[in-house]
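This one's a predicted model, so the numbers in the text were calculated from it and none came from an experiment. Each residue takes its place number in the sequence, starting with 1.
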Amino acid sequence: MTVTVFIRYQLDPFKCALFEEYSKRWLTIIPKCGGDLLGYWMPHEGTNNIAFALISFESLAAYEAYRARLRADKEGMANFNFAEENKFILAEERTFLRQVAL
């Protein structure tokens, strides 16, 4: 069963450009570590401090293996550190979803 991780980010609205830079880095890191990245979405109109990401995996076990590879990845850790140093993510929520099938 495919599992999709829906990530909701609450951002500092004055630091959205930093979050976009952070997101662009994940576009290559996530697939390299085994995630099927569906994409990142930035605020455009309306609410100015909420962004989203969707990443799919074959299973929860595949997600756990991906997380281990991500923590061992030099670029991935550098990106996590970039976020921590610049404090543009105020909160992050993860929801694990499965697609409804007929």
Side-chain angles (χ1 to χ4, degrees):
M1 172 182 62
T2 299
V3 174
T4 299
V5 181
F6 175 85
I7 308 169
R8 180 185 184 274
Y9 297 94
Q10 181 184 357
L11 308 176
D12 178 331
F14 299 104
K15 296 182 179 180
C16 284
L18 289 171
F19 179 80
E20 188 161 3
E21 184 179 337
Y22 167 84
S23 299
K24 285 180 180 180
R25 291 177 184 167
W26 287 127
L27 299 180
T28 57
I29 298 167
I30 290 172
K32 175 178 69 171
C33 291
D36 180 14
L37 179 64
L38 302 173
Y40 275 82
W41 286 265
M42 294 291 299
H44 181 67
E45 290 289 330
T47 304
N48 68 350
N49 69 332
I50 302 297
F52 303 101
L54 289 161
I55 311 166
S56 288
F57 301 91
E58 293 177 8
S59 63
L60 283 176
Y63 169 75
E64 292 300 329
Y66 154 82
R67 293 289 293 174
R69 285 189 296 272
L70 198 59
R71 287 186 199 100
D73 185 83
K74 189 175 184 178
E75 290 177 291
M77 288 310 299
N79 211 27
F80 283 128
N81 292 336
F82 173 74
E84 195 170 284
E85 291 165 7
N86 289 284
K87 298 179 178 20
F88 47 83
I89 299 172
L90 305 178
E92 183 176 326
E93 300 169 4
R94 292 175 187 272
T95 302
F96 293 81
L97 305 169
R98 62 175 174 75
Q99 187 173 13
V100 176
L102 294 174

Side chain of [X], backbone of [Y]: donor and acceptor closer than 3.5 Å?
X     : Y     : answer
Arg69 : Cys33 : yes
Thr47 : Ile50 : no
Asp12 : Phe14 : yes

With rounding to the nearest 0.5 Å, note down the distance linking [atom1] in [X] to [atom2] in [Y].
X     : Y     : atom1 : atom2 : answer
Asn79 : Glu21 : CG    : CD    : 8.5 Å
Met77 : Glu84 : CE    : CD    : 8.5 Å
Phe57 : Thr2  : CZ    : OG1   : 11.0 Å
Leu18 : Glu85 : CG    : CD    : 11.5 Å

query: Between Tyr22 and Phe82, what is the ring plane arrangement, given parallel below 30°, perpendicular above 60°, and tilted in between?
result: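 If you compare the ring of Tyr22 with that of Phe82, the planes turn out parallel.
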Considering non-hydrogen atoms only, spot the tightest contact between [X] and [Y] and give its length.
X     : Y     : result
Pro43 : Asn48 : CG-O, 3.8 Å
Val5  : Arg94 : CG1-NH1, 4.0 Å
Cys16 : Met42 : O-CE, 3.5 Å
Glu75 : Asp73 : N-OD2, 3.1 Å

Linking I/L/V/M/F/W/Y whenever any side-chain heavy atoms sit under 4.5 Å apart, do [X] and [Y] land together?
X     : Y     : answer
Leu27 : Ile30 : yes
Leu37 : Leu70 : yes
Trp41 : Ile7  : no

- request: Decide yes or no on side-chain contact (heavy atoms from CB on, under 4.5 Å) for Tyr40 and Phe19, but give the supporting numbers first.
  value: CA-CA 10 Å; Tyr40 275 82; Phe19 179 80; 4.1 Å; yes
Any heavy-atom pair between the side chains of [Y] and [X] that's under 4.5 Å?
X     : Y     : answer
Ile89 : Gln10 : no
Thr4  : Ile55 : no
Val3  : Tyr63 : no
Leu38 : Ser56 : yes

query: For Lys24, does the NZ atom have more than 12 heavy-atom neighbours from other residues, nucleotides or ligands under 6.0 Å away?
result: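 Open.
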query: Would you say Glu58 has more than 12 foreign heavy atoms packed within less than 6.0 Å of its CD?
result: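 Atom CD in Glu58 is not crowded, with 12 or fewer foreign heavy atoms closer than 6.0 Å.
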query: Do the ring centers of Phe52 and Tyr9 come within less than 6.0 Å of each other?
result: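 Ring centres of Tyr9 and Phe52 not closer than 6.0 Å.
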- request: Assert yes or no for the condition that the ring centre distance of Phe80 to Trp26 is strictly below 6.0 Å.
  value: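 Between Phe80 and Trp26, the centre distance is under 6.0 Å.
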